Amino acid sequence: MPNEERRRMEGFLDAIAAGVAALFPELEAADVRPLLQTPSQPERGDVSLPCFPLAAKLGKKGKQGALEVAEAVAAASLDGVEAEAAGPFVNFRIAPDRLAEAVLREVWQRPRYGASDEGRGKTVVIDFSSPNIAKPFHLGHLRSTVIGWSLGQIFRALGYRVVGVNHLGDWGTQFGFMIAAWKRWQDEAKQRVAQGESEIEVFAKLYARINSLAEEDPAVREEAQRWFKKLEDADPEAQELWTYFVERSKREFARIYELLGVSHESDAGEAFYNDKMQATVERLRASGLLVEGETKKETAERKLREARERLASAREKLAAAEGELAREDLSAKQRKKLDKRIEKLRAEVPRLAAQVEKLAAWVPAEDDGERPWGVRLDDGRFAILLKADGGTTYTTRDLTAAYYRAETYSPEQILYVVGSAQRDHFEPWFEIVRKLGEPWAEGLRHVGFGKYLGMSTRKGTAVFLDEVLEKARQKAREAAAQATKKVELSPEETERVARAIGTGAVKFFDLKNERIKDIDLGRPGGEGIDWERLLDLKGDTGPYLQFAYARLAGILRRWEGPVSPEAADFSLLSELESRALLRALAEFPARVRQAARDYEPSVIARYVIDLAQKTHAFVHHHRVIDAEPTEEQKAAGVRPETLRATRVLLVRCAQKVIGEALDLLGIEALEQM
RNA sequence: GCCUCCUUAGCUCAGUUGGAUAGAGCAGCGGUCUUCUAAACCGCGGGUCGCAGGUUCGAAUCCUGCAGGAGGUACCA
């Protein structure tokens, strides 16, 4: 039975569930199985079962019922499992050698312990990284890249076919600006490149420069728009420059992906869909969903009206609050609260007033009568798909890309690993796909993530990836020089390892927390970036994990005997540290599934930290290749070779799982460091 | 104004989807390297789980309200 081989650890849980269910005719194993959990305190045992829900199913009420059920369950006899009632809970303890054997045999036998075939025959498309051409790769892009890659690895492990797509930002008005900038300053730009500055940096500076120029001079903006129009009309010069920007940017991205160990199956960017947009528009038209929206003037007037209403309401509230404050019968607490409220409103009113003024200035004098086309959403919002000038929008392009991906890859899911700020961009067109009745609409997922705080392009505190990786490598080099070393590495190896550690530190920092959370790199009270936090090498970090792996590798290098379950005596793994490590190992497959279900690499990240902690604790407390049996063990006839072979097996299994988990995170495991 | 998300130790964060005495790392203090890598290990201190109600045998977890913070809010991607 291959299934039995595959799920030995889970076999215990199934057996416990079956054993418990067998005590009550009303229950089936499936009623019990989901209730089994890991006890909060390890001393309580390996598996625990709260009896309240069971009691409820059996028609017994309250705590008394739960106590009765717990008593009854504890009396059940299960092979290799001890049961003990603890109030309304039952704790199960698996015989130490059974637990060790089940876990280690499974880890040992399976090519990849965390892998499964539940995704066989299914495809997941993951849109990730997706940087913009002619803009440097900064920390913001790193998140999408690292999270997306990790999700891909996780789905691959579960047997899915994964199609990673780099939806490059290689189309749009930005190219009009780039071309305009190039036409102006190409001599200077070429010179800088000749002097060794990276092309993408030069591009980025040109882009920033032309943009600030356009802020002041509307003519520049029009010039850029003309260039983009030329590009759309296949003007040879515009096309040549576009190709140049795209090619050079791609070359730069390739270098970065190489550095990060990341790749895509497809790099069909925005421009790829240029000739496919019309079909989307036709499809929408045919569906009858496409309706006319407001003219620019109507929109501007509506926004102005809304802003005025907000201003009026804020003023009213302010007046009311001030009136309230004049009353005599207020407690100090109420007064303080009101003061705070008034303070806020006083700040709010001028802000709103300024907004009203700004909006008023934006209202066009004439209504051109041109209307965009779009879809009215369920909540009343309007998603524009065709601009008043006939152009398409980002939404149209994403819709087109989604159809292409659905038709080309027949995916079960399409994931968009894009910042949370764009949520309101994805949800509307997901809804449109549903309205169109496409069966694959349910597989569309926006996998959002928080942003890095404490840096901004405007303030010039934006951080480029190269800079971060270089700093990280430097830090790793310094740490290596200081650390207590017991391995000799050549200068080349030292350098390679320093890079892997630096990259590992940066990636892990990005992956370790829930993806939705923002990452604040600002210093507590001041300006600038807190590098120490990002580049830390101690504690919950990538290097900590890499070190755990390397430490085990070091032990295994020195072992000359066999590594196999046949050489082991599983009853020798009963120490606290061994059992903790075994239990951690047993969790891995479930964690991988959880990570996929929630699209959360952080589940793996936190798991492997826990595993590494238990690994470090084990090797710190117990010798492996020169282990000696205790007096007690000697008396029982335990030979040193057996003890050593047993621990070597445990070490090998721990190393394997740490390695697999690191692979799922996209972090390189190191044999030596 | 409306919508979405966040709030747990001094700091950064977990918390097995409603279970038992809420856990890690950093920072602080004190111990461990003649023994397989001390980038490690062991110990100590540190909590009104933002506030107030509600549901439940049981709430950090679910519901409602409030406060604070982040983001979005019609033709930029």
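Here is the naming used below: chain letters follow the sequence lines, and residue numbers restart at 1 for every chain. This structure is a prediction, so every number in the text was calculated from the model and none was measured.
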Return the nucleotide paired to B:G65: Watson-Crick means purine N1 to pyrimidine N3 with N6-O4 or O6-N4, wobble means G-U with N1-O2 and O6-N3, both under 3.5 Å. B:C51

Measuring only the P atom in each nucleotide, how far is B:A67 from B:A20? A whole number of Å is fine. 32 Å

Is A:Ile516 touching bases, backbone alone, or none of the nucleic acid, heavy atoms closer than 4.0 Å? sugar-phosphate

With both distances under 3.5 Å as the test, what is the Watson-Crick or G-U wobble partner of B:A40? B:U32

Mind running a 4.0 Å heavy-atom check of residues 597-607 of chain A against RNA chain B and sending the residues that fall below it, in number order? A:Arg597, A:Asp598, A:Arg606

With 3.5 Å as the limit, what N/O pairs link the protein to nucleotides 33-37 of chain B?
from	atom 1	to	atom 2	distance (Å)
B:C33	N4	A:Thr484	OG1	3.4
B:U35	O2'	A:Arg623	NH1	2.7
B:C36	OP2	A:Lys486	NZ	3.4
B:C36	O3'	A:Arg558	NE	3.4
B:C36	O2'	A:Arg558	NE	3.2
B:C36	O2	A:Ile625	N	3.1
B:C36	N3	A:Val624	N	2.9
B:C36	N4	A:Val619	O	2.9
B:C36	N4	A:His622	O	2.5
B:U37	OP2	A:Arg558	NH2	3.0
B:U37	N3	A:Met673	O	2.7
B:U37	O4	A:Met673	N	2.6
B:U37	O4	A:Met673	O	3.4

Between atom CG in A:Leu352 and atom C1' in B:C2, what is the gap in whole Å? 14 Å

Between A:Glu270 and A:Arg397, which heavy-atom pair has the shortest distance, and what is it? O-NH1, 2.6 Å

Would you please indicate if the ring centroids of A:Tyr544 and A:His616 are separated by under 6.0 Å? yes

Please classify the nucleic acid contact of A:Pro53 as base, sugar-phosphate, or nothing, using heavy-atom distances under 4.0 Å. base

Using whole Å, what does the distance between atom C1' of nucleotide B:A39 and atom CD of A:Gln474 come to? 16 Å

Contact nearer the 5' end of RNA chain B, comparing A:Lys63 with A:Pro50: A:Pro50

Which parts of nucleotides 67-77 of chain B does protein reach within less than 4.0 Å, heavy atoms only, written one letter per nucleotide 5' to 3' as B for base, S for sugar-phosphate only and - for none? -S-SSS-BBSB

May I ask you to decide if the ring planes of A:Phe52 and A:Phe89 are parallel, tilted or perpendicular, using 30° and 60° as cut-offs? perpendicular

Matching residue for A:Arg652 among A:Ile555, A:Val563, A:Leu552 - test: side chain to side chain contact (heavy atoms under 4.5 Å, CB included): A:Val563

Separation of B:U16 C1' from A:Leu35 CG (nearest whole Å): 14 Å

Test log, rule side chain to side chain donor-acceptor pair (under 3.5 Å), inputs A:His621 and A:Glu575: CA-CA 10 Å; A:His621 289 284; A:Glu575 308 92 348; over 6 Å; no

Between OH of A:Tyr452 and C1' of B:U12 the distance, given in whole Å, is 13 Å

Quick check on B:U17: syn or anti? Syn means the glycosidic torsion is within 90 degrees of zero. syn

Here the distance between atom P of B:C57 and atom CG of A:Leu67, to the nearest Å, is 15 Å

Compute the centroid of each ring, for A:Trp171 and then for A:Tyr394, and state whether the two points are separated by less than 6.0 Å. no

Determine the Euclidean distance between corresponding C1' atoms of B:A14 and B:G47; express it in Å to zero decimal places. 15 Å

Distance between the C1' atoms of B:C66 and B:C29, in whole angstroms? 41 Å

Is A:Lys296 paired with A:Glu370 through a side-chain N to carboxylate O contact shorter than 4.0 Å? no

For B:C33, does the O4'-C1'-N9-C4 (purine) or O4'-C1'-N1-C2 (pyrimidine) torsion place it in syn, i.e. within 90° of 0, or in anti? syn

Inspect the surroundings of CD in A:Glu343 and state if more than 12 heavy atoms from other residues, nucleotides or ligands are less than 6.0 Å away. no

Ion pair present between A:Glu232 and A:Lys229, side-chain N to carboxylate O less than 4.0 angstrom? no

Opposite nucleotide pairing with B:U4, Watson-Crick or G-U, both atom distances under 3.5 Å: B:A70

Roughly how far apart, to the nearest Å, are B:C26 and B:U21 at atom P? 28 Å

Counting only heavy atoms not in A:Arg221, do more than 12 fall under 6.0 Å of its CZ? no

Could I get the full list of salt bridge (charged side-chain N to carboxylate O under 4.0 Å, His left out) partners for A:Glu628, not counting sequence neighbours? A:Arg644

Is there a stack between A:Phe52 and B:G19, judged by ring centres under 5.5 Å and planes under 30°? yes

What donor-acceptor contacts under 3.5 angstrom involve side-chain atoms of residues 602-610 of chain A, with partners at least two apart or in another chain?
from	atom 1	to	atom 2	distance (Å)
A:Ser602	OG	A:Glu600	OE1	2.8
A:Ser602	OG	A:Arg606	NH1	3.4
A:Tyr607	OH	A:Ala584	O	2.7
A:Asp610	OD1	A:Lys614	NZ	3.1
A:Asp610	OD2	A:Lys614	NZ	3.1

So, A:Phe382 versus A:Trp373, ring centres under 6.0 angstrom or not? no

Say we look at B:A38 and B:G71: how far apart would their C1' atoms be, to the nearest angstrom? 44 Å

Check the distance between B:U16's C1' and A:Leu13's CG and give it to me in whole angstrom. 13 Å

Sidechain N-carboxylate O distance under 4.0 Å for A:Asp510, A:Lys507: no

Pairs under 3.5 Å (N/O, protein and nucleotides 20-27 of chain B):
from	atom 1	to	atom 2	distance (Å)
B:A20	O2'	A:Arg44	NH1	3.3
B:A20	O2'	A:Arg44	NH2	2.5
B:A20	N6	A:Ser48	OG	3.1
B:A20	N6	A:Asn91	OD1	2.7
B:A20	N1	A:Asn91	OD1	3.3
B:A20	N1	A:Asn91	ND2	3.3
B:A24	O2'	A:Gln613	NE2	3.1
B:G25	O4'	A:Asp540	OD1	3.4
B:G25	O4'	A:Asp540	OD2	3.3
B:G25	O2'	A:Asp540	N	3.3
B:A27	OP1	A:Lys538	NZ	3.2

Checking all strands, does A:Ile501 fall into the base, sugar-phosphate, or nothing category for heavy-atom contacts under 4.0 angstrom? base

Rounded to whole angstrom, note down the C1' distance from B:G69 over to B:C63. 23 Å

What does B:A24 pair with, Watson-Crick or G-U, if both distances are under 3.5 Å? B:U12

Using the C1' atom in both, what is the distance from B:C41 to B:U35, to the nearest Å? 15 Å

Answer yes or no: is there an ion pair linking A:Glu301 with A:Arg308, defined by an N-O contact shorter than 4.0 Å? no

Would you call the rings of A:Phe426 and A:His446 parallel, tilted or perpendicular, where under 30° means parallel and over 60° means perpendicular? parallel

Between B:G45 and B:G23, how far apart are the two P atoms, rounded to whole Å? 13 Å

Euclidean distance, atom CG of residue A:Asp610 to atom P of B:G15 [Å, nearest integer]: 12 Å

Does A:Ala480 reach a base, just sugar-phosphate, or nothing at all? Heavy atoms under 4.0 Å. base

